[in-house]
A.B. asks: 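Handing you a structure now.
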Amino acid sequence: MSTRKCSAMSEEFGWPVRVYYEDTDAGGVVYYANYLKYMERARTEWLRALGFEQDSLREELGVIFAVRSVQVDYLKPARFNDALRVSADLVEARPASFSFVQRVMRGDVTLCEGRVGIVCLAADSFRPQALPAALLKRLRGEG
């Protein structure tokens with residue numbers, strides 16, 4: 001499983017995930033909510049690959065990110081010990097929000113796919129706030 005550093009909207013980022021026993025349900029397959037955790041990890045690592053740490057954004061610029069919307073389709077099950085790749089493909093960057101299409105793959109097989117909307121919030125009030133200029137430029141492939 002390889003990962004790529006994402007620097008513009010046109011590039012897809014991938015993050016490797018191994019399925020642990022704790023990720024599975026009584027049927028031996030990944031519990032549906034854990035796919036959302038895998039997607040969250042991939043988005044966090046995508047942001048880190050761009051050079052932005054969420055704790056630094058909160059402490060230095062007073063912004064945090066929250067999931068605003070999720071639409072997920074579960075297509076095939078993942079099982080204990082599967083080696084997966086979770087993508088984070090940025091599809092839209094707006095002044096105070098951005099959206100991803102994400103996939104959880106086992107090899108070339110798509111197990112789960114979804115669209116996730118993220119909003120930027122002021123850390124102290126949880127009100128929508130513009131993305132930091134440097135981040136927005138990077139998301140748009142301008143810097």
Side-chain angles (χ1 to χ4, degrees), residues 1-124 126 128-141 143:
M1 281 185 206
S2 62
T3 60
R4 289 190 292 164
K5 207 173 218 186
C6 181
S7 62
M9 284 181 61
S10 62
E11 295 183 37
E12 185 179 277
F13 176 87
W15 188 252
V17 171
R18 176 69 68 171
V19 175
Y20 296 113
Y21 186 74
E22 68 188 22
D23 296 327
T24 61
D25 62 15
V29 300
V30 171
Y31 181 67
Y32 79 96
N34 288 332
Y35 291 96
L36 297 175
K37 292 179 182 183
Y38 299 159
M39 290 178 182
E40 175 77 28
R41 291 177 199 165
R43 290 190 312 273
T44 296
E45 295 301 335
W46 167 86
L47 194 59
R48 181 173 285 130
L50 286 175
F52 297 93
E53 294 287 344
Q54 291 187 61
D55 55 348
S56 296
L57 289 168
R58 182 186 66 244
E59 293 165 11
E60 297 168 15
L61 300 176
V63 298
I64 59 173
F65 302 114
V67 172
R68 183 174 182 267
S69 62
V70 177
Q71 178 185 344
V72 179
D73 291 316
Y74 300 96
L75 306 170
K76 295 184 182 290
R79 300 180 187 281
F80 171 67
N81 213 27
D82 279 351
L84 308 176
R85 180 180 172 277
V86 185
S87 68
D89 184 15
L90 183 68
V91 293
E92 182 178 32
R94 298 173 57 110
S97 64
F98 44 106
S99 299
F100 293 89
V101 169
Q102 293 192 260
R103 289 179 184 79
V104 178
M105 310 278 295
R106 183 180 49 234
D108 293 333
V109 177
T110 301
L111 306 178
C112 174
E113 59 188 3
R115 185 174 179 104
V116 182
I118 305 294
V119 65
C120 183
L121 302 173
D124 58 353
F126 293 108
Q129 180 170 317
L131 290 161
L135 176 56
L136 186 57
K137 283 179 72 172
R138 193 71 188 267
L139 295 182
R140 292 181 172 169

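No experiment lies behind these values; they were computed from the predicted model shown. All values below come from the heavy atoms of this structure, side chains included, with hydrogens, waters and symmetry mates left out.
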A.B. asks: Is a donor on one side and an acceptor on the other found under 3.5 Å between the side chain of Ser99 and the backbone of Val91?
C.D. replies: no

A.B. asks: Is any side-chain heavy atom of Val19 less than 4.5 Å from a side-chain heavy atom of Asn34?
C.D. replies: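 Counting from C-beta outward, Val19 and Asn34 never come under 4.5 Å.
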
A.B. asks: Roughly how far, to the nearest 0.5 Å, is the CD atom of Gln71 from the CZ atom of Arg115?
C.D. replies: 8.5 Å

A.B. asks: Backbone N or O of Ser87 within a donor-acceptor pair of the Gln102 side chain at under 3.5 Å?
C.D. replies: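 Such a contact is found between Gln102 side chain and Ser87 backbone.
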
A.B. asks: If we only count heavy atoms from C-beta on, is the Tyr38 to Leu84 side-chain gap below 4.5 Å?
C.D. replies: yes

A.B. asks: Are the side chains of Arg18 and Asp82 in touch, meaning some heavy atoms are under 4.5 Å apart?
C.D. replies: no

A.B. asks: List the atom of Gln129, the atom of Ala122, and the distance in Å for their closest heavy-atom pair.
C.D. replies: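 The answer is OE1-CB, 3.0 Å.
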
A.B. asks: Quick one: salt bridge (Lys or Arg N to Asp or Glu O under 4.0 Å) pairs with a partner in residues 55-76, sequence neighbours left out?
C.D. replies: none

A.B. asks: Which residue pairs pass the ring pair (Phe, Tyr, Trp, His ring centres under 6.0 Å) test when at least one of the two sits in residues 52-71, sequence neighbours left out?
C.D. replies: Phe65-Phe98

A.B. asks: Can you give me the closest heavy-atom contact between Ala49 and Phe13, atom names plus distance?
C.D. replies: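 Taking every non-hydrogen atom into account, CB-CE1, 3.8 Å.
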
A.B. asks: Would you give the length of the straight line joining atom CZ of Phe126 to atom CD1 of Ile64, rounded to the nearest 0.5 angstrom?
C.D. replies: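 One gets 4.5 Å once the value is rounded to the nearest 0.5 Å.
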
A.B. asks: Looking only at heavy atoms, which two atoms of Met39 and Glu113 are closest? And how far apart?
C.D. replies: CE-C, 4.3 Å

A.B. asks: Given the rule in the side chain to side chain contact (heavy atoms under 4.5 Å, CB included) test, do Val67 and Ile118 qualify, once you have shown the distances and angles that lead to the verdict?
C.D. replies: CA-CA 5 Å; Val67 172; Ile118 305 294; 3.8 Å; yes

A.B. asks: Once rounded to the nearest 0.5 Å, what's the spacing between atom OH of Tyr31 and atom CG of Leu36?
C.D. replies: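 Between Tyr31 OH and Leu36 CG, I get 10.5 Å after rounding to 0.5 Å.
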
A.B. asks: Which pairs count as salt bridge (Lys or Arg N to Asp or Glu O under 4.0 Å) when at least one residue sits in residues 27-41, sequence neighbours excluded?
C.D. replies: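 Every pair satisfying salt bridge (Lys or Arg N to Asp or Glu O under 4.0 Å) with a residue in residues 27-41: Glu40-Arg43.
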
A.B. asks: With heavy-atom distances below 4.5 Å as the criterion, would you say the side chains of Leu47 and Leu57 are in contact?
C.D. replies: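 Of all side-chain heavy-atom pairs linking Leu57 with Leu47, at least one is under 4.5 Å.
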
A.B. asks: Rounded to the nearest 0.5 Å, how far apart are CG of Leu131 and CZ of Arg138?
C.D. replies: 14.5 Å

A.B. asks: Give the minimum heavy-atom separation between Tyr35 and Tyr74, together with the two atoms involved.
C.D. replies: CD1-CE2, 3.6 Å

A.B. asks: Rounded to the nearest 0.5 Å, what's the gap from CG on Leu90 to CH2 on Trp46? Could you check?
C.D. replies: 5.0 Å

A.B. asks: Would you name the heavy atoms of Ala78 and Arg106 that are closest together and state the gap between them?
C.D. replies: CA-NH1, 3.7 Å

A.B. asks: How long is the gap from OG1 on Thr44 to CH2 on Trp15, to the nearest 0.5 Å?
C.D. replies: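 Interatomic distance, Thr44 OG1 to Trp15 CH2, rounded to 0.5 Å: 10.0 Å.
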
